[in-house]
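Here's the structure we're looking at; comments come further down.
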Amino acid sequence: MNLPKKITIWEVGPRDGLQNEKVHLTLEQKAELIQLSVDAGLKNVEVGSFVSPKAIPTMADTDQLCALLPQVEGAKYRGLIFNLKGLQRGEKAGLKACELTISASRGHCLANMNKTPEDAVQSFKEVIEYANANNIYLNGAVATVFGCSIDGKVPFEQVASVLKALHTLGMRDLTLADTTGMANPKQVYEYSCRVQELFPDIKWTLHFHNTRGLGLANVLAGMQAGITSFDTAYAGLGGCPFAPGASGNIATEDLVNMCNEMGIETGVDLDKCIKLGYRVEEIIGGTRSSSILRAGKCSDIVKKH
Ligand code: COA
Ligand code: ZN
């Protein structure tokens with residue numbers, strides 16, 4: 001099996017996880033969860049988004065949250081953005097990195113950011129220029145790569161044309177997102193191989209939602225194709241309010257457990273990660289789609305018998 005020795009995890013719970021929750025966390029609660037994430041070794045954190053507060057009310061206070069981020073060596077924080085206004089908010093809040101987002105499918109792009117993918121790419125020019133001029137690191141994220149709950153199947157050629165446009169604009173760090181949980185492992189393997197062949201100078205990350213139970217299988221397929229960076233959300237929270245039927249990301253603790261069992265390094269302490277997951281559930285009041293929070297990790301079961 002082609003398994004990496006080590007992977008990178010981006011904790012997107014504070015953004016993807018909380019954006020779709022009915023409960024609005026206080027700034028202190030948001031900051032506490034980020035502190036617990038960093039303490040667990042999750043040092044790459046997407047802390048929130050800088051978008052219209054009318055579109056996503058739970059993210060309206062990301063600016064203030066940035067003042068409460070733990071200043072720990074090695075911690076990397078970023079905010080999700082769609083436009084220059086978002087980037088400038090991130091800059092003012094002190095962030096050194098942002099994730100500029102677009103959708104591969106027309107339907108989701110229009111619903112989510114009120115632009116066609118072609119217009120979105122055009123509008124990115126000023127954002128990328130500003131980021132370059134002001135030393136802010138930008139990675140790109142492409143939503144609905146593996147399917148769209150508005151448009152249905154998204155042809156690979158359509159995905160490739162968005163990727164090509166972002167590559168032409170100079171982006172070299174891209175995330176392929178399965179926003180609606182429609183990807184399957186065969187497709188993930190094929191897409192991952194093809195994008196690496198087409199754009200060998202891009203660093204790739206995969207972002208899966210476990211909507212149809214295929215999240216970790218998709219991660220494994222990505223690993224088989226040589227990808228070693230993945231987004232996850234604490235307690236399996238997550239979902240885009242503008243993608244009908246969207247549900248939780250793969251749970252951070254589930255991926256860490258899988259990697260531990262397979263001898264893949266993550267740099268994350270699973271016990272602390274599980275405690276973080278329980279604290280998330282306590283704050284939001286209810287359970288989401290984490291398996292490890294329900295079943296416990298394998299080594300605990302072995303100890304009991
Ligand atoms: N931060 C805060 N407010 C913003 C903003 C930003 N980054 N960008 C735009 N706005 C505000 C404008 O100030 C304007 O406010 P007003 O109505 O009070 O005058 C309003 O939003 C409309 O601005 P406009 O530039 O015409 O944007 P739009 O209506 O085309 O919307 C987005 C574009 C991207 C800002 C909006 O669709 C959005 O925020 N979507 C959220 C998508 C999201 O987060 N999805 C989940 C993650 S995938
Ligand atoms: Zn997502």
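Both ligands and their constituent atoms are indexed starting at 1 by order of listing. The chain is numbered in sequence order, starting from 1. These figures come from a predicted structure and were not determined experimentally.
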For [atom], is some protein heavy-atom partner under 4.0 Å away?
atom: atom 5 (C) of ligand 1; result: yes
atom: atom 29 (O) of ligand 1; result: yes
atom: atom 15 (O) of ligand 1; result: no
atom: atom 26 (O) of ligand 1; result: no
atom: atom 20 (C) of ligand 1; result: no

Can you report which non-hydrogen protein atom sits closest to [atom], along with the distance?
atom: atom 18 (O) of ligand 1; answer: K54 NZ, 3.2 Å
atom: atom 33 (C) of ligand 1; answer: M113 O, 3.7 Å
atom: atom 45 (N) of ligand 1; answer: N112 OD1, 2.7 Å
atom: atom 2 (C) of ligand 1; answer: R89 NH1, 3.1 Å
atom: atom 39 (O) of ligand 1; answer: S52 N, 2.8 Å

N/O/S from D16 sitting under 2.8 Å away from the Zn ion (ligand 2)
yes
Is there an N/O/S atom in C240 at a distance below 2.8 Å from the Zn ion (ligand 2)?
no
So that I can tick it off, tell me whether R194 and E197 are bridged by a salt bridge, with the cut-off set at under 4.0 angstrom between side-chain N and carboxylate O.
no
Give a yes/no verdict on whether any heavy atom in P53 is under 4.0 Å from an atom of ligand 1.
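Right, P53 reaches ligand 1.
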Kindly confirm or rule out an N or O of F50 lying under 3.5 angstrom from an N or O of ligand 1.
yes
Give yes if a backbone or side-chain nitrogen or oxygen of L80 is under 3.5 Å from a nitrogen or oxygen of ligand 1, and no if not.
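For ligand 1, there is no N or O atom that lies under 3.5 Å from one belonging to L80.
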Could you work out, for atom 13 (O) of ligand 1, the closest of Q88, K85, M59 by heavy-atom distance?
K85
Would you find a donor on one side and an acceptor on the other, under 3.5 Å apart, between the side chain of [X] and the backbone of [Y]?
X: N210; Y: G215; answer: yes
X: N44; Y: I9; answer: yes
X: Q19; Y: G239; answer: yes

Contact summary for C273 and L42, nearest pair of heavy atoms:
SG-CD1, 4.3 Å
Are more than 12 heavy atoms, taken from residues, nucleotides or ligands other than R212, located less than 6.0 Å from that residue's CZ atom?
yes
